[in-house]
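Here is the structure we will look at, set down as structure tokens.
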Amino acid sequence: MRTAVYPGSFDPITNGHLDIIRRASKLYDRLIVGVLDNINKKPLFSAMERKEMIDTQIKDLPNVSCDVFSGLLVDFAKQNGASVIIKGLRTVADFEYEFQMALLNKALNPEYETVFMMTDSKYSYISSSMVKEVAKYKGELNGLIPPDVIDKIKDKI
Ligand code: PNS
């Protein structure tokens, strides 16, 4: 069985993330979305809130699940029997950062392959930080994040 993990902060999950989840779920038997609970960051949503928002969005994808993790990604992958790490790429700037992380993860544990998936062009400008900025100034969020997440972010801000 081929298992992949798709890690991120997902603060909050965007339509771009969801597109990667849907497409990756077709390539692997099992896909685990890993929500990083990073003690060094101050997220808008708690790790549990982020997981709950993702759970709602993946209800129709039987081979996808979501878990919170802290610590190293390669350890999370190992605990879940995954052999592949999925990363989404939007821009060249993403590539530089992701390339470095992929090499670091390979150095930490050579068993894992990082597989990069290009974002769909219609989502290439979306990021969680931009979404939070738009929400803060009461801009239009339709098309950037799922309707359920729009409600949650409006409650928060
Ligand atoms: O959505 P993000 O914030 O770009 O995701 C970053 C993430 C969670 C993939 C990355 O920070 C990560 O893997 N963190 C876990 C800690 C770790 O393994 N660090 C070493 C590799 S960078």
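As the structure lists them, so they are numbered: ligands from 1, and atoms in each ligand from 1. We're numbering straight along the sequence, starting at 1. Predicted, not measured: the structure shown is a model, and the values here were computed from it.
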Going by an N to O cut-off under 4.0 Å, is there a salt bridge joining [X] and [Y]?
X	Y	value
D55	K51	yes
R90	D120	no
E52	K152	no
E111	K78	no

So what's ligand 1 close to, N/O to N/O, under 3.5 Å?
{"from": "ligand 1", "atom 1": "1 (O)", "to": "S9", "atom 2": "N", "distance (Å)": "2.9"}
{"from": "ligand 1", "atom 1": "3 (O)", "to": "S9", "atom 2": "OG", "distance (Å)": "2.5"}
{"from": "ligand 1", "atom 1": "18 (O)", "to": "L73", "atom 2": "N", "distance (Å)": "2.8"}

Exercise for review: Check the angle between the aromatic planes of F99 and F95 and answer parallel, tilted or perpendicular using the 30° and 60° thresholds.
Suggested key: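 Parallel: the ring planes of F99 and F95 meet at under 30°.
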
Review point. Given K87 and D94, is the salt bridge (Lys or Arg N to Asp or Glu O under 4.0 Å) satisfied, shown in steps?
Key: CA-CA 10 Å; K87 290 297 191 81; D94 274 355; over 6 Å; no

